[in-house]
Amino acid sequence: MIRLLPALLVASTASAQPVFEDRSAGLPHHIYGGGWEHFVGGGVAVFDCNGDTLPDMFAAGGENPAALFVNAGDFTFQDATIPDLTGVTGAYPLDINADGHMDLFVLRIGQNQVLLGQGNCSFTTGFALPEDDGWSTAFSAWWEDDGPPVMAVGNYVDRANPAGPFQACDSNELLRPSGDTYQSTALTPGFCPLSMLAARDARGRQTLRISNDRQYYVRGGYEQMWDIADQRFLGPEDGWENVSLWGMGIASRDLTGDGRDEVMLTSMGDQLLQIAQADGTYAPAPFGIGTYAHMPHTGEDGRPSTGWHAEFADVDNDGRADLFIAKGNVDQMPGLAMQDPNNLLMQNVDGTFTEAAATAGIATTERSRGAALADFDGDGRLDLVVMNRRAPMELYRNVTPETGNWLEIKLEQPGGNRLAVGAVVTVQAADITQSQQLLVGGGHVGGKALPLHFGLGAAENVQIAVDWPDGTSTRHEAPVNTAITISR
């Protein structure tokens, strides 16, 4: 069954030059602050907490209280009352108890929390999580049956290790439902993760990818891939070649139309794009593709960049996914750029990317951390929110002229996995085929629970295929410039 929402924008042509309008004045004042334990973190969760189809935001505060900003329309946001939580590094929205209200898994320094949504942007605490006093900086979740989700939590440096912080990475944990509670099991070795993402890998298998910060594991660590069904880490015998980098964030999207997601890994210096291969392995993208973004693209600071949140999304609705990367020095690291502008890499017809953040008006140089691209005003164009460390949040409206057509797709199904996390949606529009996985995790300490957004260019006829988590497939048609719900 498909339900339609009315469109507010009817676009014409595609491949427009992106333009954003600074609407930060519509946000209440909020800063992610704190000392060395908050050099990392600073995520934002974007989701609809009151059912009005306008995205709302939960913002980490670090040493300051976390905040919930409810979308009041016209790019104004109201500060809502939520339980008082400090030490928050980030949060991810998901419907844990399948009651139709979005919940939040809140990552903290100290005991993590689940805020259970009650509707109308109200939340309660008291969800039973195993006791924990770690420094949580990564999260992902998936469903293995019809009950609640399995959740993975990445823990950074072990604050209790007297030999730390270097070579003192903490253990990660898997949280599995057990009756009315969750039980924790260690996922080791841990190499100081700053992002996790459970998704279909290049082999087509569900795998938990873990991106780790070499700054603290120093040596002996690397990026990790954990096969969810086999419950083991992959190695060279699986075609998985170990890569060591200063891993900060993960973004995943099929860029080539072959149904396999490419993966972006942010870092200090090179931002590594891995191209999925037909044999189930990954290969680094050629330098000429334009995604390495290893130095500031404005100013005269020639030192390497520091990448954090990464996100693929179609900013101009031309049918090709673009790439936003939040940048910013950890604090005062002298070997890295201090004036480090965020990137907006626009994908060209030939699959290369061109930097456009400065001309688009979003190449700010605060110490950016988390971010999200979301349609905050319902006009079919993806807007931008950016979290900064020790500086106010930024909010930008996408006012790009002459953007292409678009489609937003929300999935629903019965059972515990109500929003069909793990599904793959493929859209065929004219000569462009796009697929997106519906996932929980990735980014840097924050994520979205919103309909999947597809840019369509000039196409006016759309064919949709949904591969549901249980292995069944359905086919659908939809008009362009609409938001639809597909129910199984």
Side-chain angles (χ1 to χ4, degrees), residues 1-20 48 53-55 253-259 261 311-324 344-354 356 360 373-384 397-412 420 423-438 448 450-468 473-488:
M1 180 178 68
I2 295 182
R3 297 197 301 274
L4 302 180
L5 294 175
L8 300 181
L9 174 75
V10 177
S12 54
T13 60
S15 300
Q17 293 299 311
V19 181
F20 285 80
D48 181 5
T53 73
L54 293 176
R253 184 79 174 248
D254 176 15
L255 302 179
T256 64
D258 65 357
D261 275 17
E311 186 171 338
F312 288 109
D314 192 345
V315 169
D316 56 358
N317 288 336
D318 65 355
R320 298 184 292 272
D322 310 303
L323 175 61
F324 175 83
L344 179 60
L345 300 171
M346 303 297 293
Q347 187 179 173
N348 304 310
V349 174
D350 63 359
T352 61
F353 290 77
T354 301
L373 287 155
D375 185 2
F376 287 112
D377 57 356
D379 69 356
R381 296 173 289 196
L382 294 175
D383 312 301
L384 175 67
R397 186 186 182 202
N398 186 344
V399 293
T400 305
E402 299 182 346
T403 54
N405 296 324
W406 55 275
L407 182 65
E408 289 189 348
I409 300 174
K410 177 182 177 181
L411 301 182
E412 289 183 346
V424 179
V425 178
T426 303
V427 167
Q428 177 73 45
D431 59 346
I432 297 176
T433 300
Q434 305 177 64
S435 69
Q436 290 190 57
Q437 299 187 56
L438 183 58
K448 302 184 298 188
L450 297 173
L452 297 175
H453 178 96
F454 291 87
L456 303 173
E460 296 183 354
N461 298 305
V462 181
Q463 305 293 321
I464 305 166
V466 181
D467 295 327
W468 298 88
S473 299
T474 57
R475 300 293 183 266
H476 312 272
E477 295 183 1
V480 300
N481 300 323
T482 57
I484 69 172
T485 297
I486 300 177
S487 300
R488 184 178 68 85

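Throughout, residue positions are numbered sequentially from 1 according to the sequence presented.
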Grab the two heavy atoms, one from L452 and one from Q437, that are nearest each other, plus how far apart they are.
-> CD2-O, 4.2 Å

Report yes if some heavy atom in the side chain of F376 is under 4.5 Å from a heavy atom in the side chain of L54; otherwise report no.
-> no

Just how far is it from atom OG1 of T53 to atom CG of D375, taken to the nearest 0.5 Å?
-> 9.0 Å

Taken in chain and number order and not counting sequence neighbours, the residues that satisfy salt bridge (charged side-chain N to carboxylate O under 4.0 Å, His left out) with R253 are none

Within 6.0 angstrom of D258 CG, more than 12 heavy atoms from elsewhere | yes

Identify the two heavy atoms, one from A483 and one from W406, that lie closest to each other, and give their separation to 0.1 Å.
-> N-CZ3, 4.2 Å

Tell me, with the steps shown, if E460 and N405 meet side chain to side chain contact (heavy atoms under 4.5 Å, CB included).
-> CA-CA 8 Å; E460 296 183 354; N405 296 324; 4.2 Å; yes

Under the side chain to side chain donor-acceptor pair (under 3.5 Å) test, residues paired with Q436 that sit two or more places apart | none

Heavy-atom nearest pair, P479 first then L407, reads O-CD1, 3.6 Å

Look up atom CG in L456 and atom CG in N481, then write down how far apart they are to the nearest 0.5 Å.
-> 7.5 Å

Check: W468 and T474 side chains under 4.5 Å, non-hydrogen atoms = yes

Of all heavy-atom pairs linking A465 and R475, the shortest is CB-NH1, 3.4 Å

Residues forming a side chain to side chain donor-acceptor pair (under 3.5 Å) with T352, sequence neighbours excluded = N348, D350

Of all the heavy-atom pairs spanning E408 and P451, show the shortest one and how long it is.
-> CB-CB, 4.1 Å

Would D379 and R397 pass as an ion pair if we require N to O under 4.0 Å?
-> yes

Measure the spacing between CG of L384 and CG of N398 and express it to the nearest 0.5 Å.
-> 9.0 Å

Stepwise, does the side chain to side chain contact (heavy atoms under 4.5 Å, CB included) test hold for V462 with Q428?
-> CA-CA 6 Å; V462 181; Q428 177 73 45; over 6 Å; no

Would you please name every residue forming a ring-ring contact (aromatic ring centres under 6.0 Å, His included) with F353, sequence neighbours left out?
-> none

Check against side chain to side chain contact (heavy atoms under 4.5 Å, CB included), F324 and V315 | CA-CA 9 Å; F324 175 83; V315 169; over 6 Å; no

Sub-3.5 Å donor-acceptor pair from the side chain of Q463 to the main-chain atoms of E477, do we have one?
-> no

Contacts of T426 meeting side chain to side chain donor-acceptor pair (under 3.5 Å) (sequence neighbours excluded), chain-then-number -> none

Min side-chain heavy-atom separation P18-D316 under 4.5 Å | no

Can a donor-acceptor pair be found between the side chains of D254 and S435 at a distance below 3.5 Å?
-> yes

D322 CG to L345 CG distance, which is reported to the nearest 0.5 Å = 8.5 Å

Sub-3.5 Å donor-acceptor pair from the side chain of D314 to the main-chain atoms of G319, do we have one?
-> yes

Applying side chain to side chain contact (heavy atoms under 4.5 Å, CB included), run through I409 and T485 and close with a yes or a no.
-> CA-CA 6 Å; I409 300 174; T485 297; over 6 Å; no

Nearest-0.5 Å distance, CG of residue N317 to OG1 of residue T400 = 9.0 Å

Is the shortest side-chain N to carboxylate O distance from E412 to K410 below 4.0 Å?
-> yes

So CD of Q434 and CZ of R320: to nearest 0.5 Å the spacing works out to 10.0 Å

Tightest non-hydrogen contact, residues V425 and F454, listed as O-CZ, 3.8 Å

Which residues satisfy the side chain to side chain donor-acceptor pair (under 3.5 Å) test with D467, sequence neighbours excluded?
-> S473

